[in-house]
Amino acid sequence: MKTNLKAGDRVRLLSMTDDPDPIPAGTAGTVVGVYPHSDWTQVDVDWAGGRSLMLSIPPDVVERLPADTTN
C-alpha cells in the first residue's frame, strides 16, 4: 500500500488497533522514516510526549497535519 507520507511530515493518529500499548488517538507526531512493503507501509513516528512507535498502514490510520502545526 502506497502512502504519501515522508520524513518530516506532521501527523495525528486516528486509530491504532493492533498494538497492545497503543498511542492514544489524537496524539500528534513527526514522521522519521517511511518503509514501503508490497501491501503495507511501516512508518516510524516520534510522538508527542517523547514516545517513538512505528505505524503499520494499514491497519493504523493517521492524518497529515498542515506544515505549520506544532502541537
### Query
Of all heavy-atom pairs between Ala7 and Val34, which one has the smallest distance, and what is that distance?
N-CG2, 4.4 Å
### Task
Evaluate the side-chain proximity of Val62 to Val45: yes if any heavy-atom separation is below 4.5 Å, no if none is.
no
### Message
With heavy-atom distances below 4.5 Å as the criterion, would you say the side chains of Leu53 and Met16 are in contact?
### Response
yes
### Query
Can you find a heavy atom in the side chain of Pro36 that is under 4.5 Å from one in the side chain of Thr3?
no
### Task
Examine distances only and state if a side-chain atom of Asp9 and a backbone atom of Lys6 form a donor-acceptor pair shorter than 3.5 Å.
yes
### Point-to-point distance, once rounded to the nearest 0.5 Å, from CG of Leu5 to CG of Asp44
12.0 Å
### Task
Working to the nearest 0.5 Å, report the span between CD1 of Ile57 and CG of Asp39.
13.0 Å
### Query
Roughly how far, to the nearest 0.5 Å, is the CZ atom of Arg51 from the CG atom of Asp46?
12.0 Å
### Summary
When every non-hydrogen atom of Pro59 is compared with those of Ser15, the smallest separation belongs to O-OG, 4.4 Å
### Query
Does Arg10 use its side chain to pair, donor to acceptor, with the backbone of Gly29 at less than 3.5 Å?
yes
#### Entry: Distance-minimising heavy-atom pair for Trp40 and Ser56
CZ3-OG, 3.7 Å
### Summary
Output for pair (Thr41 OG1, Leu55 CG), nearest 0.5 Å, gives 10.5 Å
### Message
On a heavy-atom basis, which atom in Leu13 and which in Pro24 lie closest, and how many Å separate them?
### Response
CD2-O, 3.9 Å
### Approximate separation, where rounding is to 0.5 Å, of Asn4 CG and Arg64 CZ
5.5 Å
